[in-house]
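See below for the structure under consideration.
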Amino acid sequence: MIHITLPDNSIKEYPTGSTALDIARSISEGLARNVLAAKVNNEVWDATRPIDSDVRLRLLTWDDAEGKSTMWHSSAHLMAEAIELLYPGVKFGIGPNIENGFYYDMDFGDRTITPEDLVKIEQKMLELAREKQGFIREEISKAEALKHFKQKNDEYKLELINDLQDGSITLYHTGKFTDLCRGPHLPDSGFIKAIKLLSIAGAYWRGDEKRKQLTRIYGITFPKAKDLTEYLVLLEEAKKRDHRKLGKELELFTFSPKVGMGLPLWLPKGAMLRERLETFLKNLQRKAGYLPVITPHIGNVELYKTSGHFQKYGKDSFQPITTPVEGEQFMLKPMNCPHHCEIYSYKPRSYKDLPVRLAEFGTVYRYEQSGELHGLTRVRGFTQDDAHIFCRPDQLKEEFIAVIDIVLHIFKTLDFKDYTAQVSLRDPNDHEKYIGSDENWEKAESAIIEAAAERGLATTVEIGEAAFYGPKLDFMVKDALGRKWQLGTIQVDYNLPERFELEYTGSDNQKHRPVMIHRAPFGSMERFVAVLIEHTAGKFPLWLTPDQAIVLPISEKYVEYAKNVLHLLQNSEIRALVDERNEKAGRKIRDAEMMKIPYMLVVGEKEEETGTVSVRRQGEGDLGTFSIEAFVNLINEEIKRLTGQ
RNA sequence: GCCGAUGUAGCUCAGUGGUAGAGCACUUCCUUGGUAAGGAAGGGGUCACGAGUUCGACUCUCGUCAUUGGCUCCA
């Protein structure tokens with residue numbers, strides 16, 4: 001007999017070799033019907049795998065993250081099975097579950113898979129799912145595994161097996177399909193009730209762009225048809241928040257092929273929104289002791305040779321401009337740090353002067369690969385809310401923490417709650433990718449980790465994600481469709497000060513080297529605005545929104561009064577406009593609602609007589625009648641509450 | 001850059017190897033209205049661009065450009 005400890009800490013006795021499914025059945029048939037997998041001690045197992053020792057057991061259903069991932073992993077197998085049946089000879093790469101669904105990378109040879117194929121595959125999958133095929137686990141030796149896939153002539157699986165340890169290799173059989181797989185899997189394919197194959201993509205084998213590109217099919221499955229419908233509705237809703245769509249609708253920005261791909265054109269409303277964000281940060285920075293600087297959009301190639309950027313990114317940049325007479329070479333500024341280093345060193349610095357915090361909204365140009373461009377989130381010309389802090393080593397942690405506080409303040413003000421803080425460290429085995437001594441790297445990395453800990457940030461650590469000159473703390477957020485973007489970034493750098501031979505005179509009258517912090521709390525204005533659009537679905541906070549109020553005269557008779565109201569509002573620094581069109585009030589309200597203007601001021605006979613406005617809040621409805629003064633107060637109070645300024 | 005998809009009016013999108021369509025927006029007129037679409041008339045497109053096939057191409061083929069889903073990259 002074995003002893004099973006359940007999540008409520010009760011211990012039950014079962015015959016040796018009982019499965020999680022057996023145990024579920026002993027509790028209730030209904031539970032057993034919903035068990036997708038089981039957590040055995042700390043490992044997720046097939047619910048059908050015999051247990052032969054005392055363990056702690058948790059049954060996993062669709063409500064558990066591990067339940068979902070098991071479902072999706074099994075769905076990848078089911079898709080592979082369907083594809084093998086429909087297109088014999090396809091070679092399989094890897095097919096994991098992902099955050100929302102699964103994919104499988106496959107080599108279809110010369111065949112191109114079309115969206116119509118996806119429908120066929122879906123149908124085949126449903127057919128196979130209805131057969132309630134088991135996922136049969138088999139432990140196998142490395143030699144046997146190699147033999148099996150050699151027979152199938154599947155070079156991708158053979159490569160994977162070659163990297164595996166003998167004795168730890170398992171296969172899973174579903175119907176006639178066999179896959180190399182660690183598992184775990186569903187008890188049978190009948191749990192998969194609703195299937196949607198979402199997209200076809202190319203993906204390099206093992207993520208290496210020098211290797212063959214396989215065909216990747218993404219999909220998602222659910223235990224109920226209703227869940228799939230809901231998911232698809234959710235996707236549609238998310239698409240409505242896409243900043244590219246809203247940016248067009250709200251007239252914030254545009255692109256022109258004539259200007260060039262990835263070079264955003266800010267329209268008046270977008271430009272004014274961005275300016276307000278910049279002013280907001282400038283105010284914060286002034287209080288935090290930053291000094292403004294302005295530097296040119298180009299710099300001599302020598303500058304970037306000194307910084308190391310030329311060696312590292314020169315080939316992949318917009319190529320240098322050569323002057324017609326002297327033949328000197330200038331690069332479009334891909335980052336601001338080298339310019340700021342030169343500002344630091346234009347005069348001798350004393351330890352008493354530090355920290356020096358140089359801030360600039362600096363526009364930079366990077367030759368991003370054409371396929372990588374994406375709305376405002378990935379562009380070739382963008383403006384960083386950049387600053388470089390030059391400080392003494394003993395000031396580093398304090399300065400770093402002060403920057404974290406700025407980032408957190410911005411996120412709080414804009415109600416960004418769903419972000420992750422990522423510590424990006426170098427890969428200590430990769431000496432090609434990074435410059436500087438191990439000692440400097442270690443100092444920089446521990447400074448970041450300590451500072452983040454001091455502010456109680458829950459961080460994830462990514463090895464090999466550091467910049468070439470130093471480690472970073474990045475603030476990541478997701479867009480409407482779940483894609484992750486880096487916003488704020490804070491980087492510690494011991495290397496550029498060395499390359500630029502930056503110095504200060506210490507209290508000991510000796511020369512010392514300052515430490516540098518690169519930081520951009522928004523990241524870039526373009527990306528931040530993009531994320532802000534998606535976060536707010538275009539309903540910007542009152543202090544940022546292009547038009548705060550619109551005056552809606554009931555008929556043309558009251559246009560004159562509406563204009564008077566407008567002037568009074570404008571005198572109080574409120575951004576407003578009048579809808580003078582010859583339309584009914586209902587129509588004007590509808591259009592203002594669609595334009596997401598926060599306040600609608602309806603004026604007619606009643607208001608004109610009393611010198612008031614009838615206030616309607618976007619998305620909420622009628623708030624009643626206000627004097628102009630009371631309305632101005634309402635707006636100002638709301639802005640004060642939102643910004644704390 | 002790579003693998004796929006897409007490109008028709010300002011916007012969202014139908015459409016066919018034989019003279020180019022809708023809704024919204026726009027213009028004019030009627031209507032002068034009270035909290036999410038009042039009515040009528042009208043203007044507007046080299047069907048992304050360039051070649052080819054064809055009696056004839058918006059439609060079929062190839063190329064270019066741009067957009068887009070991913071991959072790779074991201075100072």
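- Side chain of Asp385(A) to backbone of Phe522(A): a donor-acceptor contact under 3.5 angstrom is found.
- The phosphate of rC74(B) (OP1 or OP2) has no side-chain N or O of Arg378(A) nearer than 4.0 angstrom.
- Between the side chain of Arg590(A) and the base of rA37(B), a donor-acceptor pair under 3.5 Å is found.
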With both pairing distances under 3.5 angstrom for Watson-Crick or G-U wobble, and | for a partner in another strand, the correct string for RNA chain B is (((((((..((((....[..)))).(((((.......))))).....(((((..]....))))))))))))....
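- Where Gln486(A) and Ala585(A) each meet RNA chain B at their nearest nucleotide, the meeting point lying more 5' is that of Ala585(A).
- Between the P atom of rC74(B) and the CE atom of Met476(A) lies a distance of 13 Å, rounded to the nearest Å.
- Distances shown here put a side-chain N or O of Arg483(A) below 4.0 Å from the OP1 or OP2 atom of rG69(B).
- Note on His518(A): nothing from the nucleic acid sits closer than 4.0 angstrom, heavy atoms only.
- Between Tyr313(A) and rA75(B), a base-stacking contact is recorded: ring centres under 5.5 Å apart, planes less than 30° from parallel.
- At least one side-chain nitrogen or oxygen of Lys248(A) sits closer than 4.0 Å to the OP1 or OP2 atom of rU12(B).
- For RNA chain B, the neighbouring residues in residues 608-627 of chain A, judged by any heavy atom under 4.0 Å, are Ser614(A), Arg616(A), Asp622(A).
- Separating the CG atom of Asp579(A) from the C1' atom of rU35(B) is a distance of 13 Å, rounded to the nearest angstrom.
- The nearest whole Å value for the distance from the CG atom in Leu214(A) to the P atom in rG4(B) is 13 Å.
- Residue Glu605(A) is in base contact, counting any heavy-atom pair closer than 4.0 Å across all strands shown.
- With rounding to whole Å, Met335(A) atom CE is found 13 Å from rC74(B) atom P.
- When rounded to the nearest whole Å, the span between NZ of Lys433(A) and P of rA75(B) equals 8 Å.
- Side-chain atoms of Gln213(A) come within donor-acceptor range of the base of rC2(B), with a qualifying N/O pair under 3.5 Å.
- Nucleotide rG10(B) holds its P atom 20 Å from the CG atom of Leu250(A), rounded to whole Å.
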Given salt bridge (Lys or Arg N to Asp or Glu O under 4.0 Å), test Lys124(A) with Asp117(A) step by step and report yes or no. CA-CA 11 Å; Lys124(A) 193 72 179 172; Asp117(A) 290 311; over 6 Å; no
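- Contact annotation for Phe255(A): no contact, since no heavy-atom pair falls under 4.0 Å across all strands.
- Note on Ala201(A): a base of the nucleic acid sits closer than 4.0 angstrom, heavy atoms only.
- In this structure, CZ on Arg244(A) lies 9.5 Å from CZ on Phe255(A), to the nearest 0.5 angstrom.
- Distance check on atom C1': rG34(B) versus rU16(B) gives 49 Å, rounded to whole Å.
- Residue Lys588(A) is classed as having no contact, given no heavy-atom separation below 4.0 Å to the nucleic acid.
- For Asp105(A) against rG70(B), no side-chain N or O and base N or O form a donor-acceptor pair under 3.5 Å.
- Note: CD (Glu99(A)) to P (rG70(B)) measures 13 Å, nearest angstrom.
- Residue contacts for Glu249(A): at a heavy-atom cut-off of 4.0 Å it reaches no nucleic acid atom on any strand shown.
- On a pure distance criterion of 3.5 Å, a polar donor-acceptor pair joins the side chain of Glu607(A) and the base of rG34(B).
- At a threshold of 4.0 angstrom between heavy atoms, the contacts of Lys239(A) with the nucleic acid are absent.
- No engagement by Tyr103(A) is indicated, since no non-hydrogen atom pair under 4.0 Å with the nucleic acid exists.
- The residue Lys312(A) sits apart from the nucleic acid: no heavy atom pair falls under 4.0 Å.
- Backbone-only engagement by Gly586(A) is indicated by non-hydrogen atom pairs under 4.0 Å involving sugar-phosphate atoms exclusively.
- Under 3.5 Å, the side chains of Gln491(A) and Thr489(A) contain a donor-acceptor pair of N or O atoms.
- Of the side-chain N and O atoms in Arg244(A), one or more sit less than 4.0 angstrom from OP1 or OP2 of rU68(B).
- Remark: His374(A) is not in phosphate contact with rG70(B), judged by side-chain N or O atoms under 4.0 Å from OP1 or OP2.
- Nucleic acid contact for Met261(A): sugar-phosphate only, since backbone atoms but no base atoms lie under 4.0 Å from a heavy atom of the residue.
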